Amino acid sequence: KAGVTQTPRYLIKTRGQQVTLSCSPISGHRSVSWYQQTPGQGLQFLFEYFSETQRNKGNFPGRFSGRQFSNSRSEMNVSTLELGDSALYLCASSSSPGQGGGDTQYFGPGTRLTVL
Amino acid sequence: GENVEQHPSTLSVQEGDSAVIKCTYSDSASNYFPWYKQELGKGPQLIIDIRSNVGEKKDQRIAVTLNKTAKHFSLHITETQPEDSAVYFCAANGNPGTASKLTFGTGTRLQVTL
């Protein structure tokens with residue numbers, strides 16, 4: 001099975017612009033989560049989508065948004081980019097919400113976003 | 001919310017030695033604890049996970065132990081090899097009942113020297 005794929009792998013934007021990142025989960029996986037990774041803050045949860053609905057949300061401002069399509073592919077959008085948004089954005093997929101203990105999340109390679 | 005602390009931040013061992021990384025978590029409701037390995041330029045790769053209904057799990061050279069009472073869990077790597085060199089992250093689920101909304105530790109950079 002192919003793993004989680006993310007496009008693009010690298011992106012350079014300027015302050016004030018907006019950006020859309022894409023994630024294709026492992027075939028058959030219905031849950032997609034997004035994380036931000038920075039040297040200063042580490043790995044932080046952004047949000048999770050399951051069956052086209054946002055199921056969980058982290059503590060990020062409203063400039064960060066996402067959506068999921070009927071084929072489980074997901075996109076995240078960041079509007080009005082700030083320098084501090086420079087980070088590796090990681091997508092993870094899992095097959096379905098676990099019962100009583102969890103379902104494994106598999107990560108993609110990430111999209112490296114640089115804001116100038 | 002959940003808070004996960006991880007120690008040490010860097011660890012250097014000689015090839016063949018064992019490595020131990022420790023994590024503590026704050027939310028007693030957390031019930032899923034994965035460990036990820038991240039190599040340069042790649043996303044985190046799951047190496048082992050443990051659920052709260054077991055105290056220990058082993059997979060070849062890798063083992064994880066969980067102490068629910070103390071809210072500690074640890075990663076043990078035996079017979080380390082140069083390819084084990086990477087950054088390791090522990091995590092706990094912030095939404096009990098699913099593996100989603102993971103809270104990660106700050107990472108341990110493991111270096112295995114010849």
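None of these values were measured; they are calculated from a predicted model. So that the names make sense, note that chain A is the first sequence line, chain B the second, and so on, each numbered from 1.
- Grouping the Ile, Leu, Val, Met, Phe, Trp and Tyr side chains by contacts below 4.5 angstrom, directly or via other members, places A:L90 with B:L102.
- B:Y32 places none of its side-chain heavy atoms less than 4.5 Å from the side chain of A:Q105.
- A continuous path of ILVMFWY side-chain contacts below 4.5 Å connects B:V54 to B:F33, so both sit in one hydrophobic cluster.
- Using a 4.5 Å cut-off between non-hydrogen atoms, the part of residues 40-49 of chain B that approaches chain A consists of B:G41, B:K42, B:G43, B:P44, B:L46, B:D49.
- B:K68 NZ: 12 or fewer foreign heavy atoms inside a 6.0 Å radius.
- Contact annotation for A:L43: both backbone and side-chain heavy atoms come within less than 4.5 Å of a heavy atom of chain B.
- When heavy atoms are compared at a cutoff of 4.5 Å, A:R9 approaches chain B solely by way of its side chain, counted from C-beta outward.
- For A:Q41, the CD atom counts as loosely surrounded, since its 6.0 Å shell holds 12 or fewer non-hydrogen atoms of other residues, nucleotides or ligands.
- When heavy atoms are compared at a cutoff of 4.5 Å, A:L46 does not approach chain B at all.
- Shown here is A:Y106, whose OH atom has no more than 12 heavy atoms of other residues, nucleotides or ligands within 6.0 Å.
- When the side chains of ILVMFWY residues are joined at heavy-atom separations under 4.5 Å, either directly or via intervening members, B:I77 and B:F73 end up in a single hydrophobic cluster.
- Crowding of A:K57 atom NZ: a count of heavy atoms from other residues, nucleotides or ligands under 6.0 Å exceeding 12.
- Heavy-atom neighbours of B:E83 CD from other residues, nucleotides or ligands within 6.0 Å: above the threshold of 12.
- When every heavy atom of A:L88 is checked against every heavy atom of B:Q38, the shortest pair comes out as CD2-NE2, 4.0 Å.
- In this structure, the portion of A:Q37 lying under 4.5 Å from any heavy atom of chain B is its side chain and not its backbone.
- Taking non-hydrogen atoms and a 4.5 Å limit, the residue list of residues 105-114 of chain B in contact with chain A is empty.
- Contact between B:K101 and A:Y35 at its shortest, heavy atoms only, is N-OH, 3.8 Å.
- Hydrophobic cluster membership is shared by B:V64 and B:I62, with clusters built from Ile, Leu, Val, Met, Phe, Trp and Tyr side chains linked at under 4.5 angstrom.
- By the neighbour-count criterion of 12 heavy atoms within 6.0 Å, atom CZ of A:R15 is sparsely surrounded, having that number or fewer from other residues, nucleotides or ligands.
- Heavy atoms of other residues, nucleotides or ligands lying less than 6.0 angstrom from CD of A:Q17 number more than 12.
- The cluster map of Ile, Leu, Val, Met, Phe, Trp and Tyr, joined by side-chain heavy atoms under 4.5 Å apart, puts A:Y89 and A:F47 in the same cluster.
- Around the CG atom of A:N59, the shell of radius 6.0 Å holds no more than 12 heavy atoms that belong to other residues, nucleotides or ligands.
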